[in-house]
There are 2 protein chains.
Amino acid sequence: MALTDEAIKRIKDMIVTGELRPGDRLPKEADLADRLGLSRSSLREAVRALSLIRVLDVRQGDGTYVTSLRPETLLDTVGFVLDFHGDDSVLYVLEVRRILEPAATAMAARMMSDREIESLGSLVSVTGDVSASGDIDGLNELLAADLEFHRRIALGSGNPVLASLIDSLSAPTLRSRVWRGLTQENAVARTIEQHQAIHQALIAREPDVARAWATVHIAGVEEWLRRSIGTAGA
Amino acid sequence: MALTDEAIKRIKDMIVTGELRPGDRLPKEADLADRLGLSRSSLREAVRALSLIRVLDVRQGDGTYVTSLRPETLLDTVGFVLDFHGDDSVLYVLEVRRILEPAATAMAARMMSDREIESLGSLVSVTGDVSASGDIDGLNELLAADLEFHRRIALGSGNPVLASLIDSLSAPTLRSRVWRGLTQENAVARTIEQHQAIHQALIAREPDVARAWATVHIAGVEEWLRRSIGTAGA
DNA sequence: GCCCGGCCATACATCTGATGAATCATCGGA
DNA sequence: TCCGATGATTCATCAGATGTATGGCCGGGC
């Protein structure tokens with residue numbers, strides 16, 4: 001195994017075993033390199049790699065620290081990784097979302113506080129306002145509101161791993177050309193209706209209903225995309 | 001933004017835009033560094049980082065290549081990332097598995113070929129044989145068989161993203177001390193029974209039944225772990 | 001006494017150049 | 001034809017030097 005890979009493993013082990021805890025500062029490059037028995041250059045490659053996946057946080061002039069290592073931090077690496085997939089994988093991702101989001105939404109119907117649920121209302125209505133204006137900026141805002149709406153509900157499940165996963169899986173779906181097409185065939189109105197329905201189900205504390213609407217919501221996007229790919233090709 | 005981070009983004013863009021395709025070879029370090037306007041050292045850090053998440057594959061004496069970028073390749077980064085979480089996150093992970101695996105199992109009941117389902121039988125029976133002997137080596141084999149059983153079914157869903165995700169989420173569960181404890185209270189027998197039940201449901205092509213058994217199976221582990229943590233502490 | 005701005009030690013960022021090691025293709029001999 | 005030696009290519013690793021951002025110390029002013 002390459003020295004750098006060895007270093008990655010060593011640092012990982014230091015964290016896993018608890019020798020290094022979240023927030024801890026690593027020895028300075030020169031010292032750590034010496035301790036691990038390799039050059040600064042090679043060590044830096046290891047640190048940079050662990051930095052990319054958000055395990056380490058390097059601050060010039062300050063030092064290198066272990067991140068919080070919380071699920072929401074580590075799992076957004078998933079989003080980065082998914083960026084590399086082509087549109088063909090979007091369908092598979094969407095299928096996974098169709099499994100996870102309804103479950104999360106049902107959980108949220110039980111777990112979210114009344115205040116949290118109420119605050120979702122603004123997102124739903126913002127969405128509505130935007131659709132009325134219908135300009136391009138508005139669409140971006142709509143997209144952001146949609147993402148935030150789903151993010152809040154996922155968080156409402158009470159499971160940070162689930163929430164982060166959903167969040168990561170949502171990004172590539174939206175980044176793809178999906179929305180451009182969707183907004184062209186008045187799917188905007190349908191999306192808003194479904195968001196409202198989900199919101200209502202949460203207010204009513206009806207997990208099953210919330211789950212069903214979430215499924216309908218995702219399946220709608222999925223079905224449209226399936227048709228779109230079928231006709232438009234790659 | 002740091003030069004190296006810039007380089008990471010540039011290389012990522014080259015791949016996302018299709019300038020670099022899976023399997024393609026990158027220009028040699030010196031040339032690419034020159035083209036991106038940075039030193040070889042800095043470029044190497046970028047390449048190493050992308051190599052850690054399985055986007056690039058560096059081969060000494062040969063060159064640097066873009067990997068297949070298939071979901072199963074990219075998503076096993078998730079497993080690496082999850083290694084950094086403590087046992088406290090295992091419950092959250094398990095909860096996600098309880099959502100994903102039943103769904104995948106139900107899909108598998110529809111999608112898997114008769115031959116694939118039949119081949120699962122050997123895994124189930126291997127499991128049984130091992131439990132009879134009951135030695136330590138046997139337990140490791142049992143663990144491997146369990147992992148393989150779930151992996152095959154996940155693959156049987158026909159969705160590689162789903163399969164990879166499940167696979168990645170399974171690893172940390174098993175790596176934790178979960179199994180050590182589970183095997184101590186004759187949960188082995190129950191596990192085997194449940195595997196057999198899932199297998200039977202697949203043979204019968206009963207998605208709902210398969211889903212239910214999968215839920216029961218995961219929930220069993222989950223419940224045991226919850227109790228275990230409650231009593232044993234960190 | 002408190003606050004603000006500059007100075008400086010520290011630590012990461014980046015570059016350059018050199019040497020070692022693995023791989024692959026080529027070429028010559030059996 | 002097959003196989004092993006050889007050399008070119010490319011990554012692996014190191015050492016040392018210089019640039020740059022950060023944080024804290026310290027002194028002056030209010």
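Side chains are part of it too, since the values below use all heavy atoms of this structure and drop only hydrogens, waters and symmetry mates. Below, read A as the first sequence line, B as the second, and so on, with proteins coming before strands; counting in each chain starts at 1.
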Undergrad: A quick test of your reading: do over 12 heavy atoms of other residues, nucleotides or ligands sit less than 6.0 Å from CZ of B/Phe149?
TA: yes

Undergrad: Starting the side chain at C-beta, find the nucleotide from C/dC24, D/dC14, D/dG19 nearest to A/Ser41.
TA: D/dC14

Undergrad: Return the value, rounded to whole Å, for the distance between atom CZ of B/Arg25 and atom P of C/dT23.
TA: 14 Å

Undergrad: Just compare D/dC11, C/dC15, C/dT14 and give me whichever is closest to any side-chain atom of A/Arg44.
TA: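 For the A/Arg44 side chain, the nearest candidate turns out to be C/dT14.
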
Undergrad: Between P on C/dT14 and CE on B/Met1, what's the gap in Å once rounded to a whole number?
TA: 12 Å

Undergrad: Out of C/dT14, D/dC14, C/dA22, which has the shortest distance to the side chain of A/Arg48?
TA: C/dT14

Undergrad: Do any side-chain nitrogens or oxygens of A/Arg40 fall under 4.0 Å of OP1 or OP2 in C/dT14?
TA: no

Undergrad: Rounding to a whole Å, what distance do you find between B/Leu50:CG and D/dC11:P?
TA: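 Those two atoms, CG and P, are 15 Å apart.
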
Undergrad: Taking atom C1' of D/dA12 as reference, at what distance in whole Å does atom CD of A/Glu45 sit?
TA: 8 Å

Undergrad: What contact category does A/Arg59 fall into here, base, sugar-phosphate, or nothing, at under 4.0 angstrom with non-hydrogen atoms?
TA: sugar-phosphate

Undergrad: Could you tell me how far apart B/Gln60 (CD) and C/dT23 (C1') are, to the nearest whole angstrom?
TA: 8 Å

Undergrad: Among B/Leu120, B/Ile153, B/Val124, which residue meets the side-chain contact (heavy atoms from CB on, under 4.5 Å) test with B/Ile198?
TA: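 Among the candidates, only B/Ile153 passes.
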
Undergrad: OP1 or OP2 of C/dT14 versus the side-chain N and O atoms of B/Thr4: is any pair under 4.0 Å?
TA: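 The answer is yes; a side-chain N or O of B/Thr4 sits under 4.0 Å from OP1 or OP2.
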
Undergrad: Is there a donor-acceptor contact under 3.5 Å from the side chain of A/Ser164 to the main chain of A/Leu75?
TA: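 No.
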
Undergrad: Distance check needed: D/dA15 C1' versus A/Leu38 CG, whole Å only.
TA: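 Checked: the CG to C1' distance equals 14 Å.
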
Undergrad: Over how many whole Å does the gap from B/Asp57 atom CG to D/dT10 atom P extend?
TA: 17 Å

Undergrad: Consider only side-chain N and O atoms of B/His195 and B/Asp146, and report whether a donor and an acceptor are under 3.5 Å apart.
TA: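 Short answer, yes.
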
Undergrad: Using heavy atoms to find the nearest nucleotide of DNA chain D for B/Glu29 and A/Gly37 separately, return the residue whose nucleotide is more 5′.
TA: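 By nearest-heavy-atom nucleotide position, the 5'-most residue is B/Glu29.
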
Undergrad: Please state whether the phosphate of C/dC12, meaning OP1 or OP2, lies under 4.0 angstrom from any side-chain nitrogen or oxygen of A/Thr64.
TA: yes

Undergrad: Please round to the nearest 0.5 Å and tell me the distance separating atom CZ of A/Arg21 and atom CE of A/Met14.
TA: 15.0 Å

Undergrad: Tell me which nucleotide among D/dT13, C/dT16, D/dC11 gets nearest to the side chain of B/Ser39.
TA: C/dT16

Undergrad: Quick check: on DNA chain C, is the nucleotide nearest A/Leu26 upstream (toward 5') of the one nearest B/Asp62, or the reverse? Name the residue that is more 5'.
TA: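 Its nucleotide being nearer the 5' end, the pick is A/Leu26.
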
Undergrad: Rounded to whole angstroms, how far apart are CG on B/Asp31 and C1' on D/dT9?
TA: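 It is 12 Å, rounded to the nearest whole Å.
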
Undergrad: Counting only side-chain heavy atoms from C-beta out, which of D/dC11, D/dC14, C/dT14 sits nearest to B/Lys28?
TA: D/dC11

Undergrad: Report yes if a side-chain nitrogen or oxygen of A/Ser42 is closer than 4.0 Å to either non-bridging phosphate oxygen (OP1 or OP2) of D/dA12; otherwise report no.
TA: no

